[in-house]
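Note sheet for the following structure.
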Amino acid sequence: MSATNTTSADMPAVRMKGVEKWYGEYHALTNVNLDVASGEKIVVCGPSGSGKSTLIRCVNQLETVQKGTIFVDGIELTAGPKNVEKVRRDVGMVFQQFNLFPHMTVLENCTLAPIKVRGVSKAEAEETARKYLARVRIPEQADKYPAQLSGGQQQRVAIARALCMNPKIMLFDEPTSALDPEMVKEVLDTMIDLANEGMTMMVVTHEMGFARKVADRVIFMDKGEIVEVGEPEEFFSNPKQERTRTFLGQISHT
Amino acid sequence: MIRPFGPNEFWFIVFAVQWTLLLSAVAFAGGAIGGLLIALGRVSDNKVVRYLCLGFIRLFQGTPLLMQLFLVFFGLSIFGFGIDPWIAAAFALTLHASAFLGEIWRGCIEAVPRGQTEASWALGLSYFDRMKSVVLPQASRVAVAPTVGFLVQLIKGTSLASIIGFVELTRAGQIINNATFEPFKVFGLVALTYFIICWPLSIYARRMENRFAATARR
């Protein structure tokens, strides 16, 4: 590809060009083109099976694509496994099911990757971890195991764990969908803090209140396609596409 | 000339248990190393490695242990290696244990939720760190009970080494029986000795299984 030599300075944080993905016969992503600027907050929404999770999972190559190119921070992800490792170091991810390591304490969860991948000392990694645990407002839980925490606390640990790698981009794959309702807010508040600090974020969520408050752009996907992209005000009050209107009509008016 | 079954005969059999234990220990240790490699090969991204390991497992699961012992014992001598029954038995049982432990541990590795691997990827962990720090520690909790269960099978399996002439517990029993013609006493003692070794292990395995089931429920 001709763009391989472009430096990160004039590249967006994420650039997807002509991305196609199939699961066997099933067309999961159809001609996806998307640029995410550094510092931008993108909310991706859409009905289940629309490909929204698949889209953000392509950014750190948890899903591979069959066609198209993906650049993350100027590095061509689709060019080979070496680049994949490089990109993953700088892209944090938060999962629906938290995916904390159950056999490690909260602190160990947060220090494992910095020690193993970044090569920082244990003392330094622990200091960083405590800093981020304080920022997600659970400094006192550092020595507990994940199973001893509530869902909301676990998800905040997952956010802290990702932040300990000092990522340039954060991906959130339905971070509040597995939580009890009373715990949704504490996680969203943490994400709002993060957004206010200028983090580049791509968030798959059904929390439209969060989208209104935080998103620079909202993306609506259906059947593997990006149907509509717009600023939240415009997107919610005046959706252009019929499919978007139908979807927004179906979800609760928040 | 028939000897009576006296204390000498008794102790000859009981002392032979050390060779049974040693053979079991060597085969188990070797099988643990081989089994880990086979298990990792079975969950590898590389298709060729995966199928080679599968073939290895199928070969040893699909043939009797006795044939495996014969093939190694007689096979090694064809290639000009000495036919020391001790080496042949240790080698054959190691291969056997590698295949079975490999298959058991593959299942344990696959029992670790997919999300753990994805989280490791997302954090940029290397294959080595992902296995060592995330996947294998979790798999090993599930593995304790079936592994001890297999160890019991392996200990009993060492009795077949008697057929290629390795003097362990069973072979010692045969030798004494040939001199005393008291098969019921002799093999009763042999069986009891196996039982005394294996029974506590079985209890331990069951206890670990229950404990794991309890933690899984929590």
Side-chain angles (χ1 to χ4, degrees), chain A residues 53 56-57 59-64 72 81-104 108-119 125 145-148 154 157-173 178, chain B residues 32 36 39-41 43-50 104-148 207-218:
Chain A
S53 284
I56 69 161
R57 288 162 58 90
V59 176
N60 62 353
Q61 202 82 146
L62 292 190
E63 305 285 350
T64 53
V72 177
K82 267 274 162 276
N83 285 2
V84 173
E85 258 180 42
K86 236 187 274 174
V87 164
R88 281 178 178 164
R89 260 175 252 171
D90 290 333
V91 177
M93 187 163 201
V94 175
F95 299 87
Q96 183 177 356
Q97 299 296 342
F98 327 137
N99 294 347
L100 294 174
F101 304 134
H103 59 299
M104 296 182 188
E108 287 165 344
N109 264 278
C110 292
T111 56
L112 177 70
I115 292 170
K116 301 285 184 189
V117 180
R118 295 248 190 255
Y145 284 88
Q148 296 170 284
Q154 290 191 48
V157 171
I159 294 172
R161 177 176 72 175
L163 291 176
C164 284
M165 284 297 278
N166 201 13
K168 293 175 179 157
I169 300 165
M170 284 285 285
L171 308 173
F172 293 85
D173 190 1
Chain B
L36 182 61
L40 291 174
V43 298
S44 156
D45 290 334
N46 187 318
K47 235 184 185 168
V48 178
V49 173
R50 234 170 29 230
I104 291 169
W105 292 347
R106 173 197 63 83
C108 298
I109 289 172
E110 286 178 348
V112 176
R114 170 94 182 147
Q116 296 291 307
T117 295
E118 291 191 346
S120 310
W121 280 337
L123 287 166
L125 291 176
S126 66
Y127 173 84
F128 180 81
D129 288 326
R130 170 163 59 90
M131 283 300 165
K132 184 186 141 238
S133 302
V134 178
V135 176
L136 293 181
Q138 294 183 61
S140 64
R141 290 190 195 181
V142 197
V144 174
T147 302
V148 176
R207 221 176 255 174
M208 292 310 292
E209 205 162 328
N210 289 342
R211 187 191 292 182
F212 177 73
T215 38
R217 267 198 304 277
R218 228 192 288 141

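Proteins come first, then strands; the chains are lettered A, B, ... in the order of their sequence lines, and each starts at number 1.
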- Is there any residue in residues 120-133 of chain B with a non-hydrogen atom under 4.5 Å from a non-hydrogen atom of chain A, and which ones are they? B:Ser120, B:Trp121, B:Ala122, B:Leu123, B:Gly124, B:Leu125, B:Asp129, B:Lys132, B:Ser133
- Most contact-rich option vs chain B, by heavy-atom pairs under 4.5 angstrom, among A:Met93, A:Lys116, A:Arg89, is A:Lys116
- Query: Is there side-chain contact between B:Pro137 and A:Met104, with heavy atoms separated by less than 4.5 Å?
  - Reply: no
- Item | Toward chain B, the part of A:Leu171 with a non-hydrogen atom under 4.5 Å | neither
- Got a second to check how far A:His103's NE2 is from B:Arg141's CZ, nearest 0.5 Å? 7.5 Å
- Message: Just checking B:Asp45: does its CG atom have more than 12 heavy atoms from other residues, nucleotides or ligands closer to it than 6.0 angstrom?
- Response: no
- Could you look at A:Phe95 and say if it's the side chain, the backbone, both or neither that has a heavy atom under 4.5 Å from chain B? side chain
- Item | Rounded distance [0.5 Å steps], CD in B:Gln116 versus CD in A:Gln97 | 11.5 Å
- If you count the non-hydrogen atoms of other residues, nucleotides and ligands that lie under 6.0 Å from CZ in B:Arg207, is the total more than 12? no
Considering only distance and modelled atom types, tabulate donor-acceptor pairs under 3.5 Å from the side chains of residues 157-168 of chain A, sequence neighbours left out.
unit_1, atom_1, unit_2, atom_2, d
A:Arg161, NH1, A:Asn99, O, 3.2
A:Arg161, NH1, A:Asn109, OD1, 3.3
A:Arg161, NH2, A:Asn99, O, 2.9
A:Lys168, NZ, A:Asp73, OD2, 2.8

